[in-house]
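First up is the structure itself, then whatever we jot down about it.
Whatever order the structure lists them in is the order used to number ligands and atoms, beginning at 1. The first residue of the sequence shown is numbered 1, and numbering continues consecutively from there.
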Amino acid sequence: MSNNSDRMDKYSTPLRQTIDRIGSTCTDCGACQADCAFLQHYGTPKAIIEKYDFSDPANQQLAFECSLCGLCGAVCPEKLDPGELFLAIRREAVIHENGNFASYRTILAYEKRGSSALFSYYGLPDGCDTVFFPGCTLPGTRPESTWRLFAHLQRSIPALGIVFDCCTKPSHDLGRQDHFDRMFAEMRDYLCSNGVRRVLTACPNCHKIFKQYGNGLAVETVYEILSRGELPAAARGDGELAIHDPCPLRRESAVQDSVRTILRRMGITVTEMKHRRGRTLCCGEGGSVGFMRPELARNWRLIRSREAQGRKLVTYCAGCAGFLNRKTPTVHLADVLFFPEKALNGSMRGAGSPLTYINRLILKRRFKKNLAAATQRAGRNPI
Ligand code: SF4
Ligand code: SF4
């Protein structure tokens with residue numbers, strides 16, 4: 001095996017800088033391994049850096065087994081973020097055309113459809129400076145809750161616009177940075193050039209992307225808006241729910257507080273998981289790991305299920321809700337807000353594919369018909 005400095009010469013500058021920073025600071029303490037089966041298998045970040053030559057395509061593949069959940073970064077006493085290392089290695093694989101994208105056909109097709117002329121839609125009323133960006137999964141699995149969420153927000157933001165499009169996070173997380181940059185910049189520039197200044201998100205993944213790449217766009221979750229305003233008339237309940245915080249929002253304490261405030265204002269008893277807020281766990285869907293190492297994805301879900309200890313979960317990510325619900329009864333906050341009785345008694349579930357696609361088409365048509373949009377456009381990818 002070549003020595004470390006020989007290897008470093010073969011890496012791109014971003015990967016070299018990331019390896020330099022993490023390799024020189026990591027103390028091998030092992031704190032990040034405690035709850036991560038991926039790091040338990042491969043070793044601490046320092047050990048991984050020393051052992052593997054990441055110019056070798058075979059070694060690059062291990063980075064696709066990390067969920068990019070950020071838990072390691074939340075617990076590291078040296079304030080390192082090892083997830084950055086694995087994302088940088090994914091990007092390295094793409095630069096050298098070593099990405100194994102046949103395995104990700106399903107998720108990349110999902111992303112592409114999200115931005116297609118068929119599924120996407122921008123409806124911006126006169127004077128619109130704020131849009132609701134519900135993402136792909138919430139409208140597909142819960143079209144009625146999405147519709148009601150918009151209608152409720154519109155009461156306090158009359159010129160609220162709607163954007164159905166994909167934030168392209170799957171490509172971002174698979175290391176397809178050039179593709180992501182191109183797609184996201186096009187959307188962001190379109191919004192900005194049409195007077196949009198604020199984006200309201202319901203999906204944690206979209207939220208994280210807009211926060212990181214929004215370039216001046218103000219970004220808030222719909223839950224923050226709801227928590228400080230009037231709740232929907234239907235939002236009353238008397239059950240008990242344990243909160244699963246989605247990992248993309250682990251650093252967003254204001255969002256976490258808002259969700260708890262909403263549930264308490266509804267009359268619901270909120271209980272906490274062992275891993276919560278900044279130290280929450282991945283549900284198993286993160287980083288598209290399930291396409292590469294499904295057992296690692298299932299392992300995250302199993303840990304969550306054990307922590308639930310028989311309690312029903314509530315979350316504010318449609319992806320988490322779908323994945324966790326296969327093992328532990330899990331409801332989405334949007335359903336709890338608008339259909340509390342059905343959500344709490346377990347008779348309400350998110351739709352599955354292919355119904356999700358039909359739901360999105362019907363919802364798009366509903367918005368086109370009912371929203372007085374001065375500016376409209378349908379998406380960017382031909383399908
Ligand atoms: S980001 Fe998550 S899955 Fe990846 S190494 Fe860190 S804790 Fe493990
Ligand atoms: S917690 Fe931080 S210092 Fe400790 S092994 Fe992990 S990356 Fe290294």
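Every atom of ligand 1 with a heavy atom of Cys36 under 4.0 Å away is listed here by number and element: 3 (S), 5 (S), 7 (S), 8 (Fe). Interface of Thr27 with ligand 2, defined as ligand atoms under 4.0 Å from a residue heavy atom, comprises 3 (S), 8 (Fe). Within the listing of ligand 2, atoms 1 (S) sit less than 4.0 angstrom from a heavy atom of Pro77. In summary, the atoms of ligand 2 found under 4.0 Å from a heavy atom of Glu78, numbered by their order in the structure, are 3 (S). Counting the atoms of ligand 1 from 1 in the order shown, those under 4.0 Å from a heavy atom of Trp300 are 3 (S). Against a heavy-atom cut-off of under 4.0 Å, Pro82 is close to the following atoms of ligand 2: 7 (S). Shown in contact with Cys29 at under 4.0 Å from a heavy atom are these atoms of ligand 2, numbered in order with element: 1 (S), 3 (S), 4 (Fe), 5 (S). Atoms of ligand 1 lying under 4.0 Å from any heavy atom of Leu68, numbered from 1 in the order shown and given with element: 1 (S), 4 (Fe).
Neither the backbone nor the side chain of Tyr42 comes within 4.0 Å of ligand 1, counting heavy atoms alone. Under 4.0 Å from ligand 1, not a single heavy atom of Asp35 appears.
Of the listed residues (Ala74, Cys66, Ser67), the one carrying the non-hydrogen atom nearest atom 4 (Fe) of ligand 1 is Cys66. Taking only non-hydrogen atoms, the option from Gly70, Cys72, Cys32 nearest to atom 7 (S) of ligand 1 is Cys72.
Residues Thr44 and Leu39 have side chains not in contact (no heavy-atom distance under 4.5 Å, counting atoms from C-beta outward).
Nearest to atom 8 (Fe) of ligand 2 among the protein's heavy atoms is Cys26 SG, 2.4 Å. Atom 2 (Fe) of ligand 1 has Cys69 SG, 2.3 Å as its closest protein atom, hydrogens excluded (heavy atom only).
In summary, an N, O or S atom of Cys76 is located under 2.8 Å from atom 2 (Fe) of ligand 2.
The nearest pair of heavy atoms linking Asn359 to Pro139 is CB-O, 4.0 Å.
Arg188 and Tyr213 share no donor-acceptor pair across their side chains, judged by distance under 3.5 Å alone. A donor atom on one side chain and an acceptor atom on the other are found under 3.5 Å apart for Glu92 and Ser12. Side-chain contact, Thr221 with Glu224: a donor N or O sits under 3.5 Å from an acceptor N or O. Side chains of Arg304 and His244: a donor on one and an acceptor on the other come within 3.5 Å.
Ion pairing between Arg142 and Asp335 holds under the 4.0 Å rule for side-chain N and carboxylate O.
To the nearest 0.5 Å, atoms CZ (Arg301) and CZ (Phe323) are separated by 4.0 Å.
Not a single heavy atom of Lys46 sits less than 4.0 Å from an atom of ligand 2.
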Audit row: Tyr357, Arg113, side-chain hydrogen bond (donor to acceptor under 3.5 Å, both in side chains) steps and yes/no: CA-CA 9 Å; Tyr357 289 110; Arg113 283 189 203 105; 2.8 Å; yes

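The salt bridge (charged side-chain N to carboxylate O under 4.0 Å, His left out) test with Asp245 singles out one residue from Arg251, Arg260, Lys274, and that residue is Arg260.
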